[in-house]
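The first residue in the sequence is number 1, and the count goes up from there. Note that this is a predicted model, so its numbers are computed, not measured. When a ligand or atom number is given, it counts from 1 through the structure's own listing order.
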Amino acid sequence: MKRAVVTGGAGFLGSHLVDRLIGEGVEVVVLDNLITGDLQNLEHHFGNPSFRFVKQDVTEFLYVPGDVDWVFHFASPASPVDFERYPIQVLKVGALGTHKALGLAKEKQAAFMLASTSEVYGDPLISPQPETYWGNVNPIGPRGVYDEAKRYAEAMTMAYHTFHGLDTRIVRFFNTYGPRMRMDDGRVVPNLVGQALRAEPLTLYGDGQQTRSFGYVDDIIEGVWRLAHATFHEPVNIGSDDERTIANFAEAVLRATGSASAIEHRPALPDDPRQRRPDLGRARELLGWAPSTSLEEGLERTIAWFRSKGI
Ligand code: UDP
């Protein structure tokens, strides 16, 4: 039986990865300090002998007894609201946390995967963004704490690969959504879905012409699973390339919820990327992977989940 450590396993993406690993017969140890993670995301695994949860700040020394085959470093607050609430923790988990997770992988001779982000491209000047694009990042802006931490994390991961020969992977996630997103994380999916369900106005920041490409979480985790089995050390974009303006996304939320909410414009956020869409060529070629869930289908499942939580 394979054994995996998942840092941030109580979070949105982390907990979906844990579900997949357990479903594939992998034994899982989750390390999470729960600042943005939620144990409710994992409660269905408690009592399973293949699952263990340790409340642990991964910026501290990590000790995990026994063999480990994979370390998935998925811990980090990840929404723009979190960057304001937890700027130092974001920097620490990307820098110190990545170092500790790499150290654990090296000690165990385990394969390592870094959850990186499209934010390494900053406010990109080219579109779609291929992995070879170096980005356009403001290091001292409101997103700098996350962008620079993840850029440092990628550099550290590559250094462990080239210097220590560690078997590493870097996945760059684009906007991902689905069940278990935090209602209060401030991102556009929970914000707009929550507002639509509560019959409040939908808040659009700026002119709403900025774009994002929303990937449904099950597709994204399939990409992660395939990348874990590939031998490739450079970054791989995993996301959807169905690019939408935020105004168009708001319309999709109104249609999917049947809400009659109005749309209300708010001031634009500083350094808000104007466009974001992955070039998925590498993932297609390397993993034979492409997202398959339409935005409409994914929104329907996400909305059903928020409704089941009483929203
Ligand atoms: N956004 C919005 N209304 C909201 C929340 C977000 O118009 O209530 C916009 C935000 O300005 C950004 C996009 O939606 O352009 C996606 O924001 P999110 O916070 O989900 O993540 P980002 O992709 O910016 O990291």
Side-chain angles (χ1 to χ4, degrees), residues 11-13 36 76-87 90 94 115-124 127-129 135-138 141-151 171-217 220 237-254 256-257 259 261-278 295 298-299 302-303 306 311:
F12 164 54
L13 268 178
T36 54
S76 179
S79 94
V81 169
D82 294 337
F83 309 158
E84 269 175 61
R85 282 185 197 146
Y86 308 111
V90 168
S116 187
T117 168
S118 55
E119 282 285 326
V120 301
Y121 304 124
D123 187 359
S127 190
Q129 295 87 52
N136 176 40
V137 171
N138 173 7
R143 291 169 181 260
V145 293
Y146 186 62
D147 301 9
E148 296 296 2
K150 289 293 190 184
R151 288 168 71 97
V171 51
R172 290 185 181 153
F173 293 121
F174 285 64
N175 292 66
T176 305
Y177 71 103
R180 301 186 192 153
M181 290 193 92
R182 272 157 49 219
M183 198 21 113
D184 70 344
D185 89 351
R187 279 189 279 196
V188 73
V189 175
N191 268 16
L192 268 47
V193 167
Q195 289 158 349
L197 293 179
R198 293 188 301 265
E200 295 168 1
L202 270 51
T203 53
L204 275 203
Y205 302 158
D207 60 9
Q209 292 308 300
Q210 67 273 38
T211 69
R212 295 293 187 273
S213 312
F214 297 95
Y216 188 66
V217 65
I220 303 310
N237 289 336
I238 294 285
S240 163
D241 53 4
D242 176 9
E243 184 180 15
R244 310 265 179 146
T245 64
I246 296 301
N248 176 283
F249 176 73
E251 296 295 335
V253 170
L254 290 178
T257 52
S259 165
S261 288
I263 293 201
E264 206 172 87
H265 285 269
R266 297 277 174 87
L269 299 179
D271 294 355
D272 199 355
R274 286 300 295 170
Q275 53 183 354
R276 187 183 289 154
R277 175 184 165 197
L295 181 63
L299 267 180
T302 307
I303 290 163
F306 278 125
I311 292 133

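A distance-only check finds no donor-acceptor pair linking the side chain of T117 to the backbone of R172 [under 3.5 Å].
Using the six-membered ring where Trp is involved, Y177 and F214 have ring planes that are perpendicular, over 60° apart on the 30 and 60° scheme.
Annotation: side chain of S261 is in contact with side chain of L254 (closest heavy-atom distance under 4.5 Å). At least one side-chain heavy atom of R187 sits less than 4.5 Å from a side-chain heavy atom of P80.
Listed by chain and number, P80, E119, R143, N175, G186, R187, V188, N191, L192, T203, L204, Y205, Q210, R212, I246, L269, D272, R276 each place a non-hydrogen atom less than 4.0 angstrom from ligand 1.
With E119 as the fixed residue, the side-chain hydrogen bond (donor to acceptor under 3.5 Å, both in side chains) test singles out one of K150, R151, R276: R276.
Taking CG of L13 as the start and CD1 of I238 as the end, the distance is 11.5 Å to the nearest 0.5 Å.
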